[in-house]
Every structure is written in structure tokens, then in C-alpha cells.
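Written below as C-alpha cells is the structure these notes are about.
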Amino acid sequence: MIDRILDGARVVVCLGPGGVGKTTTAAALSIAGARQGRRVAVLTVDPAARLRDALELPDRAGEFHRVPLPDDVAGTLDAILLDAKGLFDELVRRLSPNRRLAESVLQNPVYRNVAGAFAGSDAYMALEQLLDVVANPAFDLIVVDTPPASHALELFDAPDRILALLNSRALEYLSEPIRILGVATSRFTRGVLSGVLGMLERVTGMTLLRDISALASDFASVAPAFRERAESIHALLRDDTTRYVLMASADPHAARDTVQFAADVSEFGIELDAVVVNRVLRLPTPATESRRPAEAPPAPPARWPATLSRNLVASARELAAVQRAQRAVIEALRSGIASVSSGNADEERREPLWAELPALTPAPTTLEGIDELARGFASAPATARRIRG
Ligand SMILES: Nc1ncnc2c1ncn2[C@@H]1O[C@H](COP(=O)(O)OP(=O)(O)O)[C@@H](O)[C@H]1O
Ligand SMILES: [Mg+2]
């Protein structure tokens, strides 16, 4: 299964609602890639403390670190912690033609107030960093984890919103506030507008109009570089070698969110390559037990209390009920996601590959645990059929 996702892929993005296992699976996919002999980079966002230790990630965000892998792994794995904070400033510095201009943008009070909200900048900054890593010839596979609460919307919309802003005449207008007033048609509206702005400036102590126009004209010289990068990001997200894995859980409460997520993704013209249902309950069957001949079965207790038998039977029934409920959720997910991904009428669409990963105890937070999950992933039966939209 895993090979079908990784073969021919340059970038693999793990998507999905919070807590479904994106970070864990991104780690598993990257170890699997390294096992294929590839030079892998994993861009991780919010690893749980123990996974972070397992990958031996440094505390500082934005630096690559070589993850020590078992000897039988042919490839390499470098991990980097993504951190969006402060990166927008850094980008402005990098793309500005000179230092003075960069500082003028960065010190602008209007910029200071809007930078955080700039076109969903967290998601955008993650993509900005991705663009750098993709350009780095040291890696031939890049696995990307996505932020905990990020919606498909934020991630795929951010570059387009930046482009829309840069291509609009908003900046041009802002650089000459007098033209904003010029847009107001009647003399009365103009009068009211300039009165209100003047009052705002006096009351807030902000030199609002002057700050906005200074920002807009400074920004005009940074804009072409921004535009070029946003276009590259837009194209990268839709490239054939960029693969999307939607993570899902078999929890009935999360099913609707997951289908909605898939619908949002499809709105942006992005096709899911795989859906992975994580933490699926598997009851131990005699067949799986017999694969471990080394482990001797525990000796039966000398006395077998009646209550123990009753409790075991009750637990087995409960487990079976949970398993049935999970099957029902997985079926609902399949039909829900199939219907959104076949929404586009005239082109032939591929139904994503489907795979299930077992719930592991203990949770896979060590390198061995992640490796085990990766092996389970590799042997997970994948199913897909071609459908006509
Ligand atoms: N297959 C699994 N079996 C057991 N625990 C898992 C499994 N996958 C993930 N977990 C655990 O679930 C929690 C959430 O996983 P994480 O990868 O951080 O999710 P996300 O990045 O989507 O928020 C973590 O504690 C992780 O160790
Ligand atoms: Mg995560």
C-alpha cells in the first residue's frame, strides 16, 4: 500500500482533522521512504513530546536534524520542526530589495497589526518553507505534516489569496489614500469619510492614512517576489508528484468532519491519493496469534473464577460491538468521500486508495513503534477502483 503512495512522489502531504494521527503517520511514511533507499525530509508541526524525543528533534524550529535509523535502512531521514511564528517577518526581509525597505515595512504599525492575519499566514508559511525544502537537491522525498487545526481551506486558499491581493489594485490604491476618497462618489460621502479618518487619527493617535500608504508603497517593491513564490506554491500543490493522504478515524463523531474536509479539498481541485483510517480496532485472532510461535501461551490459572469467565465474555462482546461500529463508520466514510470526489462531472476521477492502520498499544511514540506502524502500513491491503465521475 505504502509503495503506491510513495512511488513517483516528491511531496507527500498528510491532511486531516486534529488528533487523527497526521504527525505519527507522517513519521511512519518518512521511515518507509527511507527504507526504499530515499533521502527523505519530514516537515513536522506539533509532535507529541515523546515522538519529538524519538526523532531527536532539536528544540529550535527551522533546523534540519538527521534522525538515527536502524542499520538495515538504506536511505536517510532528516526532520525539521515547522514554526510559522515570526517567519512572515523573515520572508519580508528575504524578499525585500534592501534592508532599509524591509525594516520600513516591518516597523510599520499597520503591518504589525495585520501581519498575523495576513492571508492565513500560518498555513502559508508552512507552504513557504515547503517550497524551500523542495528546491533543496539534498532530498528526493518530502513528507509534510500539517498544523493541528488547519482546515483544507486555509492550506489551499492561502497562496490564492496572496495572489489575489497582489494582483488586485488594492495596494496601488492604498499607496495614495486620496484615491480611496476619490472612489467615494458624492462630495458628501467624501466629506464624511475624510472627517471620520481624521477623527480616527486624532482619537487613536495612529497616523493611519500615512502608515497605510507608506506600507503600500514599500510593499510594492516586495510584491513581485511574493507573487512569484505564491505562484510556485500554487503549482506545487497541484503537481502530479505531490500526493495527498487524508487521515481519518473510525470514530462516528469525526466522520462528518472528515467527509467535509474531503469536500473542501476537492473544491480546490486537489485530488486525494489515499485515505488512511487510523487506529482501527483489530481483535486478536487465533491466526495472528499463531504467527508468533516463540511466545508460549500463558499457563491457565490454577483456579478459574466464574466471574472472570463472565467478564471475558462481556468484554469480547463489547469489543465486537465496537468493531462493528467502526466498520459502519468506515463504510459511511467510503461512500461519503466517493461521492465528493466524483463530484466533478466530466473528467474521470480516481477513487483514492484506502487503507487501515491498527490501533497500537502502546501508542507508537518511539522509533520502533513508528517503524512497526510503517510496516503495518506497507502490508495494509489497499483498495481502489476507477470510477467515472
Ligand atoms: N495507530 C495508532 N495507534 C495508537 N495510537 C496512535 C496511533 N496513531 C496515533 N496515535 C496516537 O494518537 C495521538 C495523536 O496522534 P498525532 O499523530 O499527534 O495526531 P495529529 O498530528 O493528527 O494531531 C498521539 O498520542 C499518537 O501517539
Ligand atoms: Mg499533529
Side-chain angles (χ1 to χ4, degrees), residues 1-2 5 12-32 41-57 61 67 77 79-85 122-123 125-127 129-130 142-152 154-155 244-251 253-262 264-265 272 274-284 288 319 322-323 326 329-330 333 354-382:
M1 155 75 186
I2 216 162
I5 298 175
V12 179
V13 186
C14 293
L15 298 170
V20 282
K22 293 181 294 294
T23 304
T24 305
T25 309
L29 283 166
S30 29
I31 292 187
V42 60
L43 279 58
T44 184
V45 181
D46 62 330
R50 285 175 54 203
L51 178 59
R52 197 177 166 139
D53 290 347
L55 295 176
E56 295 185 13
L57 270 167
V67 179
L77 175 58
I80 188 173
L81 191 63
L82 287 187
D83 178 16
K85 282 180 208 71
D122 271 17
M125 290 325 300
L127 296 173
Q129 290 174 80
L130 173 61
I142 298 126
V143 182
V144 188
D145 177 23
T146 48
S150 82
H151 300 293
E154 263 173 48
L155 206 63
Y244 294 94
V245 177
L246 176 65
M247 298 300 302
S249 81
D251 170 3
H253 303 290
R256 205 166 358 130
D257 284 356
T258 305
V259 173
Q260 185 56 49
F261 202 100
D264 291 344
V265 169
L272 293 175
V275 181
V276 175
V277 189
N278 193 18
R279 268 180 287 193
V280 177
L281 187 66
R282 281 192 200 145
L283 295 183
T288 57
L319 281 172
V322 172
Q323 212 178 19
Q326 287 198 337
V329 173
I330 292 171
L333 281 173
W354 279 77
E356 294 171 17
L357 291 179
L360 296 180
T361 336
T365 50
T366 61
L367 218 49
E368 292 74 46
I370 302 284
D371 208 15
E372 183 186 338
L373 192 68
R375 278 196 298 269
F377 207 158
S379 59

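One-based numbering, in listed order, for ligands and for the atoms of each.
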Does [X], backbone or side chain, put an N or O under 3.5 Å from an N or O of ligand 1?
| X | answer |
| --- | --- |
| Thr365 | no |
| Thr24 | yes |
| Arg279 | yes |

Looking at every non-hydrogen atom in both residues, tell me the closest pair between [X] and [Y] and how far apart they are.
| X | Y | result |
| --- | --- | --- |
| Gln326 | Leu281 | OE1-N, 2.8 Å |
| Val277 | Ser249 | CG1-C, 4.0 Å |
| Leu360 | Gly369 | CD1-O, 4.1 Å |
| Val280 | Glu356 | CG1-OE1, 3.8 Å |

Problem set entry | Thr361 contact mode with ligand 1 (heavy-atom cut-off under 4.0 Å) |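 Under 4.0 Å from ligand 1, Thr361 contributes no heavy atoms.
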Exercise. Looking at Leu272, Asp264, Val275, Val144, which one forms a side-chain contact (heavy atoms from CB on, under 4.5 Å) with Leu15?
Worked result: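 Answer to the side-chain contact (heavy atoms from CB on, under 4.5 Å) test with Leu15 among Leu272, Asp264, Val275, Val144: Leu272.
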Problem set entry | N, O or S of Thr44 under 2.8 Å from the Mg ion (ligand 2) |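 Checking Thr44: none of its N, O or S atoms is under 2.8 Å.
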Which atoms of ligand 1 have any heavy atom of [X] under 4.0 Å away?
| X | result |
| --- | --- |
| Pro364 | 2 (C), 3 (N), 4 (C), 5 (N), 6 (C), 7 (C) |
| Gly19 | 14 (C), 19 (O), 20 (P), 22 (O), 23 (O) |
| Leu373 | 1 (N) |
| Ala359 | 3 (N) |
| Lys22 | 17 (O), 19 (O), 20 (P), 21 (O), 22 (O) |
| Leu360 | 2 (C), 3 (N), 4 (C) |

Exercise. Does the pair Leu357 and Asn278 meet the rule for a side chain to side chain contact (heavy atoms under 4.5 Å, CB included), with working shown?
Worked result: CA-CA 5 Å; Leu357 291 179; Asn278 193 18; 3.6 Å; yes
So how far is it from [X] [atom1] to [Y] [atom2], rounded to the nearest 0.5 Å?
| X | Y | atom1 | atom2 | value |
| --- | --- | --- | --- | --- |
| Asp145 | Thr24 | CG | OG1 | 8.5 Å |
| Thr44 | Lys22 | OG1 | NZ | 10.5 Å |
| Leu130 | Thr146 | CG | OG1 | 11.5 Å |

Exercise. Going by heavy atoms, is Leu357 under 4.0 Å from ligand 1?
Worked result: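 No heavy atom of Leu357 comes that close to ligand 1.
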Exercise. Hey, is Pro358 one of the residues with a heavy atom under 4.0 angstrom from ligand 1?
Worked result: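 Within the 4.0 Å threshold, so yes.
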Problem set entry | Option with minimal heavy-atom separation from atom 8 (N) of ligand 1, where the choices are Asp145, Thr44, Asn278 |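 Minimum heavy-atom distance to atom 8 (N) of ligand 1 goes to Asn278.
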